Q: 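Here it is, the structure in full.
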2 protein chains.
Amino acid sequence: MVNGSTRIRILDTALDLFGTRGVGTVSLDDIADAVGVRKQTVLYWFKSRSGLIDAVLDHAADELLVVVEAAIRSQGDEPLDRVDAVVCAVFRPVVRRPALLGLIREVTRLDESHINHLRGRLSVVVERCVSYLRSEMEKGRLRTCDPMVLAGLLYSTVSGTGTEPIVLETFGWEPNAAGLRQVRRELRGFVRAALQPN
Amino acid sequence: MVNGSTRIRILDTALDLFGTRGVGTVSLDDIADAVGVRKQTVLYWFKSRSGLIDAVLDHAADELLVVVEAAIRSQGDEPLDRVDAVVCAVFRPVVRRPALLGLIREVTRLDESHINHLRGRLSVVVERCVSYLRSEMEKGRLRTCDPMVLAGLLYSTVSGTGTEPIVLETFGWEPNAAGLRQVRRELRGFVRAALQPN
DNA sequence: AGATTTGTCTACCAAATGGTAGAGACGTGA
DNA sequence: TCACGTCTCTACCATTTGGTAGACAAATCT
């Protein structure tokens, strides 16, 4: 693999298209056109469409894991601050790379093999989050509930907020920098209130 | 339109397929096969694929609006109970008709004309929810924040929980009746905590 | 220099897609 | 009985899809 640049460009472009328009509705030709190359070049770097999808999922998982791992390791003992840091970390791609969470959300539409592929990549960080929430609950520093489902709820809230600007617009929201800052502020307040120990 | 039954069956089936597999990845042949009819019969009842999509969106909006309107009008003065009723109402289709919220969520992937079509149908109930939240905040009976964004956050949380069983499974959740009840319980507690006045 | 590997291309192909044209079965009213 | 509207069908069609085969140029190795 002497020349990685074309490969990387295909990967990046595919992530954007898959994440914004949905995996199933993006053709190899669409990706090739966006990269400025022929479809056969895409099939040279990835042996099939399915192979490309897995590679793009890996690419997305890499990007997400780096961000989340850093936030998890962040300073501060207070759990609400720590969760807050992770929320902000996951929300950052919403601004910088909107397709990223959109692609992760696509998992529901994929077939078993791709689902398992992505699950394998994310399971480590997921388990770490759940066990952290559980331990803080046991210490009475977070509202007591099922940590597993809570983690899912948190994910849904953050991911939904980030991936459904259209829905937010229906609620009257305006999609610009100020609007995004406002959403992030409300999101943090929402999560903080939901986790406050009782 | 003497015989409406074929039309309705197409509508129902299309809603299920669109909602579970995504609008873009379901062909007219897929729908026809599932109904037990030929593609041309589908095109007889709906003049084009795009027309079918709009009709299905209407069908979904009808179903959702009935449920939500009833819950909004529900008894009780305490706002936390009222929001709780709406959450339960929106969550009910998750069990009875999983495709419904999945289809609404698909709006992000549709093109402008379909988006506006659906928005037009949902805007009334959306505005009612937002102004209700605002008035209760002004009375100090809900945590004070931006009611518009809060409505979006609530939607994201409920919809995400209902439409992403795959993600919940990654968090260790088991998709059965008991699991669904547990998710609903946690969801209600989560929302209640997030709205508690400070 | 000559041989080989690497990367992109053109030329195809079979299958699936949304859509058109129109035949035929069926019932209903005159 | 006959004409007419309703409903589903078969037969096509142009376009797009994922994928194969192989030509060709540039770089790399011997």
Side-chain angles (χ1 to χ4, degrees), chain A residues 1-59 103 106-107 109-115 117-118, chain B residues 1-59 103 106 109-115 117:
Chain A
M1 191 187 309
V2 171
N3 174 7
S5 101
T6 302
R7 196 187 130 94
I8 299 283
R9 272 161 58 222
I10 293 171
L11 228 34
D12 272 331
T13 307
L15 195 158
D16 284 336
L17 291 179
F18 282 160
T20 54
R21 282 162 44 188
V23 173
T25 58
V26 174
S27 70
L28 295 184
D29 279 317
D30 290 336
I31 297 167
D33 284 353
V35 174
V37 95
R38 297 283 152 226
K39 172 175 61 177
Q40 285 67 20
T41 303
V42 175
L43 285 166
Y44 168 79
W45 288 104
F46 304 92
K47 73 172 188 299
S48 70
R49 182 182 150 82
S50 178
L52 173 61
I53 293 175
D54 274 341
V56 171
L57 290 178
D58 274 336
H59 196 53
L103 177 61
E106 271 289 294
V107 70
R109 312 295 195 201
L110 303 175
D111 44 295
E112 205 72 22
S113 74
H114 295 126
I115 292 176
H117 189 90
L118 185 58
Chain B
M1 191 184 311
V2 172
N3 173 7
S5 101
T6 302
R7 195 187 130 94
I8 299 283
R9 272 161 59 222
I10 292 171
L11 229 33
D12 271 332
T13 307
L15 196 157
D16 283 337
L17 292 179
F18 283 160
T20 53
R21 281 163 44 188
V23 173
T25 58
V26 175
S27 70
L28 296 184
D29 279 316
D30 291 335
I31 297 167
D33 283 353
V35 175
V37 93
R38 298 279 154 231
K39 171 176 63 179
Q40 284 67 22
T41 303
V42 175
L43 284 168
Y44 169 80
W45 288 104
F46 305 91
K47 74 171 189 298
S48 68
R49 183 181 150 82
S50 178
L52 172 62
I53 293 175
D54 274 340
V56 171
L57 290 177
D58 274 335
H59 196 53
L103 177 61
E106 271 288 294
R109 312 294 196 201
L110 303 175
D111 43 293
E112 205 72 23
S113 74
H114 294 126
I115 291 176
H117 188 90

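Sequence lines set the chain letters: A, B, ... in the order given, protein chains first and strands last, and positions in each chain run from 1. Both backbone and side-chain heavy atoms feed into the values below; hydrogens, waters and symmetry mates do not. It should be emphasised that the depicted structure is a prediction, and the values quoted were computed from it without experimental measurement.
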Q: Would you mind reading off the distance between B:Gln40 atom CD and C:dT17 atom C1', rounded to a whole angstrom?
A: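 Those two atoms, CD and C1', are 12 Å apart.
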
Q: If I take atom CG from residue A:Asp111 and atom CD1 from residue A:Ile53, how far apart are they, to the nearest 0.5 angstrom?
A: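 If I round to the nearest 0.5 Å, the distance is 7.5 Å.
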
Q: Kindly indicate whether the side chain of A:Val23, heavy atoms from C-beta on, has any atom under 4.5 Å from the side chain of A:Leu17.
A: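 A side-chain contact under 4.5 Å is absent here.
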
Q: What's the CG-C1' distance between B:Leu28 and C:dA16, to the nearest Å?
A: 12 Å

Q: How would you label the contact of B:Leu43 with the nucleic acid (heavy atoms, under 4.0 Å): base, sugar-phosphate, or nothing?
A: base

Q: Over how many whole Å does the gap from A:Asp29 atom CG to C:dT10 atom C1' extend?
A: 14 Å

Q: Can you find a side chain N or O atom of A:Tyr44 that sits less than 4.0 Å from OP1 or OP2 on C:dT8?
A: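 Answer no for this pair, as no side-chain N or O of A:Tyr44 is under 4.0 Å from OP1 or OP2.
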
Q: Give the rounded distance in Å between these two atoms: CG of B:Leu52 and P of C:dT17.
A: 15 Å

Q: What nucleotide among D:dG19, C:dT8, D:dT10 has an atom nearest to a side-chain atom of A:Val37?
A: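 Out of D:dG19, C:dT8, D:dT10, the nucleotide with an atom closest to A:Val37's side chain is C:dT8.
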
Q: Which nucleotide sits closest to the side chain of A:Thr41: D:dG18, C:dT8, C:dG19?
A: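 Nearest to the side-chain atoms of A:Thr41, counting from C-beta on, is C:dT8.
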
Q: Whole Å only: how far is the CD1 atom of B:Ile31 from the P atom of C:dG18?
A: 8 Å

Q: Between B:Thr6 and D:dT8, does any side-chain N or O lie under 4.0 Å from OP1 or OP2?
A: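 Indeed, a polar side-chain atom of B:Thr6 lies that close.
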
Q: In whole angstrom, what separates A:Arg38's CZ from D:dT17's P?
A: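 In whole Å, D:dT17 P lies 14 Å from A:Arg38 CZ.
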
Q: Looking at D:dT16, I'd like to know if its phosphate oxygens (OP1 or OP2) sit under 4.0 Å from a side-chain N or O belonging to A:Ser27.
A: no

Q: Are B:Glu106 and B:Arg21 ion-paired here, with the side-chain N under 4.0 Å from a carboxylate O?
A: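 Here B:Glu106 does not pair with B:Arg21 in a salt bridge, since their nearest N and O are not under 4.0 Å apart.
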
Q: What is the distance from atom OG1 of A:Thr20 to atom CG of A:Leu103, rounded to the nearest 0.5 Å?
A: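 Reported value, rounded in 0.5 Å steps: 10.0 Å.
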
Q: What integer distance in Å separates B:Lys39:NZ from C:dT17:P?
A: 8 Å

Q: Please tell me if the side chains of B:Ser27 and B:Arg49 come closer than 4.5 Å, counting only heavy atoms from C-beta onward.
A: no

Q: Would you say a side-chain N or O of A:Trp45 is under 4.0 Å from OP1 or OP2 of C:dT6?
A: no

Q: Give the rounded distance in Å between these two atoms: CG of B:Asp30 and C1' of C:dA16.
A: 10 Å

